[in-house]
Amino acid sequence: MLKNSNFDNEFKLYYQPQYRTSDNKLVGMEALLRWIHPEEGFISPADFIPIAEETGIIFSLGEWVINQAMCQVKAWNQKYNMDLQVGINISPLQIENSDFVNRIRQKIHVEDINPEWIDIEITEGVAMSSQVSMEEIFSGLANIGISISIDDFGTGYSSLSYIKRFDIDRLKIAKELIDNIAEDKNTLLIVKAIIMMARGMGLKTIAEGVEEPNQLEILKVLECDEIQGYIFGRPVPPEIFELEHIDKTTLSSK
């Protein structure tokens, strides 16, 4: 079913907003892949991504995602004279392709994209266990001017002392930590430590999965840099994202 799918007809990128904590200003969005099959309807990424990786379709599908996200952020930034940044999730198989950095560099050049508009998201687990040299990958992307985020940070794979080896820009604090930040003192202390140490290393932090006002208030007090979650917006198609977040942002700034 996946093998015979038409990417342009069946797949779509949804976007979830990312806001700066200090002034509630829109700074970017994460691109999230959705599959709406003509007969089966919505199919969860948790179901089709592993199949795409097993069959090798992830390479062509991943290229499609990168192309779509790059073109979309360019269109929005040019239309509204903004510098929004789009986060693009990368599969470990894509990373382990020896030509990955060169492919990204070529796309940036061909599409005439400002590299600062692109943020490559790699999960903490992949960064720590990949078979290739992540230090070389991250350095290559950084040299292009692309931002790098470690996704799902704090889920137990590593320590910040290990992270400092990498040329990265931002830590995305895992949702499972944010879920318990208001109720569990130990979780609160972990999140506080991540934010403080990240700041000391010159890294930004963004909290994922923020849903409740009390979570947001705690993160403001802790001076987490950015927020992503239902409290600001769910993942939505680009036309709705533009209406609900970008149009609203530009109107409020006039």
Side-chain angles (χ1 to χ4, degrees), residues 13-34 42 44-46 72-73 76 80 82-89 119 121 123-124 147 149-156 160 163 168-254:
L13 288 186
Y14 278 38
Y15 295 89
Q16 186 171 32
Q18 299 170 336
Y19 280 84
R20 191 162 58 208
T21 315
S22 60
D23 57 6
N24 290 347
K25 180 181 179 182
L26 180 71
V27 292
M29 71 292 293
E30 180 179 358
L32 297 159
L33 184 62
R34 298 291 183 258
F42 177 82
S44 170
Q72 184 63 80
V73 76
W76 278 333
Y80 292 94
M82 300 176 77
D83 282 304
L84 298 173
Q85 188 178 73
V86 63
I88 305 173
N89 294 281
D119 180 68
E121 295 193 14
T123 65
E124 183 183 4
S147 172
S149 291
I150 299 296
D151 201 7
D152 291 331
F153 191 81
T155 50
L160 279 169
I163 286 292
I168 62 174
D169 301 272
R170 186 171 64 167
L171 301 179
K172 299 192 75 175
I173 305 171
K175 182 182 185 300
E176 64 187 72
L177 290 175
I178 303 304
D179 285 343
N180 300 311
I181 195 172
E183 291 80 26
D184 185 81
K185 184 178 179 181
N186 289 331
T187 301
L188 174 61
L189 290 173
I190 291 170
V191 173
K192 182 178 181 179
I194 290 172
I195 293 170
M196 290 179 64
M197 288 190 283
R199 187 181 301 120
M201 293 163 57
L203 304 178
K204 286 185 178 180
T205 49
I206 178 168
E208 298 185 273
V210 182
E211 299 178 3
E212 305 295 335
N214 57 350
Q215 295 171 343
L216 177 60
E217 288 308 309
I218 291 170
L219 291 162
K220 284 185 175 182
V221 170
L222 295 179
E223 298 184 0
C224 181
D225 296 296
E226 297 165 3
I227 300 293
Q228 178 178 337
Y230 289 178
I231 196 164
F232 281 120
R234 294 172 178 265
V236 290
E239 59 274 13
I240 297 177
F241 184 93
E242 183 171 352
L243 184 66
E244 292 185 349
H245 299 285
I246 304 180
D247 275 344
K248 188 170 67 175
T249 296
T250 53
L251 283 173
S252 64
S253 64
K254 289 181 180 179

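Predicted model only: the values in this text are computed from it and were never measured.
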Is there a side-chain contact between [X] and [Y] in this structure, where contact means two heavy atoms from C-beta onward sitting under 4.5 Å apart?
{"X": "Tyr80", "Y": "Asp247", "answer": "yes"}
{"X": "Glu121", "Y": "Glu30", "answer": "yes"}
{"X": "Trp76", "Y": "Pro238", "answer": "yes"}
{"X": "Glu226", "Y": "Val27", "answer": "yes"}
{"X": "Ile195", "Y": "Ile173", "answer": "yes"}
{"X": "Ile246", "Y": "Leu84", "answer": "yes"}

So, taking the atom named [atom1] in [X] and the one named [atom2] in [Y], what distance separates them when rounded to the nearest 0.5 Å?
{"X": "Ile178", "Y": "Leu188", "atom1": "CD1", "atom2": "CG", "result": "10.0 Å"}
{"X": "Gln215", "Y": "Asn180", "atom1": "CD", "atom2": "CG", "result": "9.0 Å"}
{"X": "Ile218", "Y": "Ile181", "atom1": "CD1", "atom2": "CD1", "result": "5.5 Å"}
{"X": "Ile150", "Y": "Ile168", "atom1": "CD1", "atom2": "CD1", "result": "4.5 Å"}
{"X": "Lys25", "Y": "Met82", "atom1": "NZ", "atom2": "CE", "result": "6.5 Å"}
{"X": "Ile206", "Y": "Asp151", "atom1": "CD1", "atom2": "CG", "result": "9.5 Å"}

- Message: For the CZ atom on Arg199, are there more than 12 heavy atoms of other groups (residues, nucleotides or ligands in this structure) within a distance under 6.0 Å?
- Response: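 Counting other residues, nucleotides and ligands, CZ of Arg199 exceeds 12 neighbours.
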- Item | salt bridge (charged side-chain N to carboxylate O under 4.0 Å, His left out) contacts touching residues 174-196 (sequence neighbours left out) |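 Listed once each, the pairs are Lys175-Asp179, Lys175-Glu211.
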- In terms of side-chain geometry, is the basic nitrogen of Glu124 or Lys172 positioned less than 4.0 Å from the acidic oxygen of its partner?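 Not counted as a salt bridge, because no side-chain N and carboxylate O are separated by less than 4.0 Å.
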- Task: Could you please spell out the steps behind the side chain to side chain contact (heavy atoms under 4.5 Å, CB included) verdict for Leu177 and Ile194?
- Result: CA-CA 11 Å; Leu177 290 175; Ile194 290 172; 4.1 Å; yes
State, without any angle test, whether [X] and [Y] hold a side-chain donor-acceptor pair at a distance under 3.5 Å.
{"X": "Glu208", "Y": "Gln228", "value": "no"}
{"X": "Asp119", "Y": "Ser149", "value": "yes"}
{"X": "Tyr19", "Y": "His245", "value": "yes"}

Grab the two heavy atoms, one from [X] and one from [Y], that are nearest each other, plus how far apart they are.
{"X": "Pro17", "Y": "Leu26", "answer": "CB-CD1, 3.8 Å"}
{"X": "Ala31", "Y": "Asn89", "answer": "O-ND2, 3.5 Å"}
{"X": "Asn214", "Y": "Ala182", "answer": "ND2-CB, 3.5 Å"}

- Please list, chain by chain and in numerical order, all residues satisfying side-chain contact (heavy atoms from CB on, under 4.5 Å) with Arg34, sequence neighbours excluded.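 Residues passing side-chain contact (heavy atoms from CB on, under 4.5 Å) with Arg34: Tyr14, Leu32, Ile36, Phe42, Pro45, Pro235.
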- Message: Test your reading of the model: is there a side-chain donor-acceptor pair from Thr21 to the backbone of Cys224, 3.5 Å cut-off?
- Response: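 It does hold such a pair.
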- Task: Would you confirm whether Gln18, through its side chain, and Ile227, through its main-chain N or O, come within 3.5 Å as a donor-acceptor pair?
- Result: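 Judged by distance alone, no pair lies under 3.5 Å.
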- Item | side chain to side chain donor-acceptor pair (under 3.5 Å) between Tyr15 and Glu242, worked out | CA-CA 10 Å; Tyr15 295 89; Glu242 183 171 352; over 6 Å; no
- For the pair Gln16 and Met29, evaluate side chain to side chain contact (heavy atoms under 4.5 Å, CB included) and give the outcome as yes or no after the intermediate values. CA-CA 5 Å; Gln16 186 171 32; Met29 71 292 293; over 6 Å; no
- Apply the test side chain to side chain contact (heavy atoms under 4.5 Å, CB included) to residues Tyr230 and Val210: give CA-CA distance (whole Å), side-chain angles for both, the deciding distance (0.1 Å), then the verdict. CA-CA 6 Å; Tyr230 289 178; Val210 182; over 6 Å; no
